Protein chains: 2
Amino acid sequence: MMRRTTIGDVAREAGVGKVTVSYVLNGRARERGISEATSQRIINTARSLNYTANAVGQMLAQRRTNAIAVVFQGASYFASTSSFIPEVLRGVCEEGVEQRVDVMLHTNVADGPDSDASYLASGRVDGALILRDAGDPLIKALKDRGLPIVSFFSRPDEADVPFVDTDNYSGGRLAAQHLLGLGHRRLAMIAGSENSVDAADRKNGFVATARAAGAQIEDRDIVVMYSPLDQPEAFCRLMQRPNPPTALFVWSDDVAFQCMSLATSMGLELPRDLSIVGFDSTSACLRVSPNLTSIRQPITVMARAATRMLTSLMRGQTPEMDQIVFPPQIDVRASTAPCQVSAQR
Amino acid sequence: MMRRTTIGDVAREAGVGKVTVSYVLNGRARERGISEATSQRIINTARSLNYTANAVGQMLAQRRTNAIAVVFQGASYFASTSSFIPEVLRGVCEEGVEQRVDVMLHTNVADGPDSDASYLASGRVDGALILRDAGDPLIKALKDRGLPIVSFFSRPDEADVPFVDTDNYSGGRLAAQHLLGLGHRRLAMIAGSENSVDAADRKNGFVATARAAGAQIEDRDIVVMYSPLDQPEAFCRLMQRPNPPTALFVWSDDVAFQCMSLATSMGLELPRDLSIVGFDSTSACLRVSPNLTSIRQPITVMARAATRMLTSLMRGQTPEMDQIVFPPQIDVRASTAPCQVSAQR
DNA sequence: CATCATTGCTGAACCGCTTCAGTACCCTAC
DNA sequence: GTAGGGTACTGAAGCGGTTCAGCAATGATG
């Protein structure tokens, strides 16, 4: 493997100093008063030598990497079958291209959770987008080390941490209102991780709204299923009770899809026997049958907003807002229908 | 923003030279004959100063970044609704953690396709995993610049480019055999990009097998639909012909899902009126109804293999194999059924 | 007691680039 | 004739590490 051409090679070949090459190639020739003739000569030499500046050299000299990390819970996060992850990454990548930053995908380091913060804060990225539960120690650790961070799709515990999120409480309320409006009174919910403020907000919005309308929903109607493969039997028990719920709000599309499969395999017909509302309204909702009614958060837009916010912070600018909460909407599709048993009550 | 602690700070504080600190912190104290006492002192000082080595400094000095890029066709690639992308990324990230390399997500740079190669080859990554069509100029450009690359899920045109792929021809054959075995004789196919050798192999395997068995399949039975939103009307025309196909092989799950939706919306009942076989057998196949029969390639395993291959190449080792072809399997599910009209022929 | 090996540590160079503070030169103006 | 001011360019330092060759001190050996 031959030595790469460096700025010194170009300088020697063009008969100028390295400095001059640097200024010319960075488009600062005018500003530094470098003559047109010299500029052209340098540019031609660089081209003929097939020279490209070494990125690491630049990073070190400029003390920035122009890279951001996207931090997920862990590699298993990718096991999701909804299109949440691709939609997030799409937003990050699109905005990344525009803001000219590299996107590093980070799940965890091999040495255990304590080292994640040091690793990320060791100068390889200028900032990080964090998608972890509210209380995750990584958020505090990175904040303490002074790395610019933005939490997205999760509202952090820590104060003063910029974030982009959905109004999850309202999302829960929308789901409840929709189901109540269809006449459902026996409601249940599949809630997410108990460490997640977001999941809790969805639950609280749903439960509070349901109870305010006089619907039955008790603690035993709330099942916690975090990852898609986590305790499917809990769902089955819920549906096999006497007087099972007629409508279900599930904290994520991903888990909602699994509930649909389980319900079908239990012989239930959807939505006749059970109405289901998901959360995220990923495009995969249109791929299942019946199409899943879901609370929409504008995933790609939010990811772009978070990325833009982070790049501003990294560059020392004050972003217009450092805490953005998007209002959710409901996309009504075929998985919800008027309650069949309402007359019986 | 205060100055970060550097190796010099630790050295001064511990009363030794920078060199000694470097050796100790890199675990080479023994080898360099540094006494246990000094080692401990340095380690304690480093800890008390909360010192972490700057990654960019190390990259420059060691002339490697320990980072790889994953290059997709473009940000729109994330629009897929199957779980292909997450499964790929999961494999790359898992193996990346084990191999201790960072994963950079790269779609394209803002300045246009020509600069992608220079960008990637400018020393910010030690290698790249490429998921692009066979003839993509990027592959040749990177190869010419000497950046270690591995093409995955795509068999490159260029010779001597290491790759990890599935035996797509066999995949096509498996699909044909399965459908023929169910009695189908009027077959059609939704084929992928004409630039993709992989898509062509799937088509050729399918068509050759079908014709060898005497089934009807002509050019007009082969519709090209690349991205999910690309010309759905072509599919409708295909199905509205007199004597429409009774079975369909679709080059990817993603597009197969869309065909299922379209078919349903045209009033067809699946699998009675149309059997469908997809490709990839992503976990999303279990989320659609009927569950999609699909040709399985072990996506996560393949992604890991590609990543392992690339890290070997980067480190100058000769990997055991530099071209791996996985055999496909068929996962038979509910979207395929015996042909209903076979008796009529 | 001179020689030699071993132990324990470090100075200086280097990785490839940027940036600050000049310098050298020439032209104009009083 | 010289101060003043552009114009065109560069030397040296610095970013934060790593690595090689070498050096001083110590103890063992003949």
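So that the names make sense, note that chain A is the first sequence line, chain B the second, and so on, each numbered from 1. Note that the coordinates shown come from a computational prediction; the quantities given were computed from them, not determined experimentally.
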Checklist line | CE on B:M59 to CG on A:N54, rounded to 0.5 Å | finding: 11.0 Å

Item checked: Partner of B:P162 under side-chain contact (heavy atoms from CB on, under 4.5 Å), chosen from B:M321, B:M309, B:Q323 -> B:M309

Notebook entry, point to check: In whole angstroms, how far is the P atom of D:dG14 from the CD1 atom of B:I7?
Noted result: 18 Å

Check: Is there a donor-acceptor contact under 3.5 Å linking the side chains of A:E95 and A:T307?
Finding: no

Notebook entry, point to check: Can you name the nearest heavy-atom pair linking A:T20 to A:T38, along with the distance?
Noted result: CG2-CG2, 4.4 Å

Notebook entry, point to check: Checking B:D198 side chain against B:R155 main chain: does a donor-acceptor pair fall under 3.5 Å?
Noted result: yes

Check: Can you tell me if A:D126 uses its side chain to pair, donor with acceptor, with the backbone of A:N66 under 3.5 Å?
Finding: yes

Checklist line | Presence of salt bridge, B:E36 and B:R30, under 4.0 angstrom | finding: yes

Item checked: Check ion pair A:E87-A:R90 (N to O, under 4.0 angstrom) -> no

Next item on the list: Using a cut-off of strictly less than 4.0 Å between a heavy atom of the residue and any atom of DNA chain C, enumerate the qualifying residues of residues 47-64 of chain B by number.
Entry: B:L60, B:A61, B:R63

Check: What does B:R30 touch in the nucleic acid at a heavy-atom separation under 4.0 angstrom: a base, only the sugar-phosphate, or nothing?
Finding: nothing

Notebook entry, point to check: Is it true that A:F153 and A:F163 have ring centroids separated by less than 6.0 Å?
Noted result: no

Check: Do A:H106 and A:Y119 have their ring centres less than 6.0 Å from each other?
Finding: yes

Look for any protein N or O under 3.5 Å of an N or O in nucleotides 6-13 of chain D and output each such pair with its distance, or none.
unit_1: D:dC9; atom_1: OP1; unit_2: A:T38; atom_2: OG1; d: 2.5
unit_1: D:dC9; atom_1: OP2; unit_2: A:S35; atom_2: N; d: 2.9
unit_1: D:dC9; atom_1: OP2; unit_2: A:S35; atom_2: OG; d: 3.2
unit_1: D:dC9; atom_1: OP2; unit_2: A:T38; atom_2: OG1; d: 3.1
unit_1: D:dT10; atom_1: OP1; unit_2: A:G17; atom_2: N; d: 3.4
unit_1: D:dT10; atom_1: OP2; unit_2: A:G17; atom_2: N; d: 2.8
unit_1: D:dT10; atom_1: OP2; unit_2: A:T20; atom_2: OG1; d: 2.5

Next item on the list: Shoot me the first and last contacting nucleotide of DNA chain C against chain B, ordered 5' to 3', at under 4.0 angstrom to non-hydrogen atoms.
Entry: C:dG8 to C:dG16

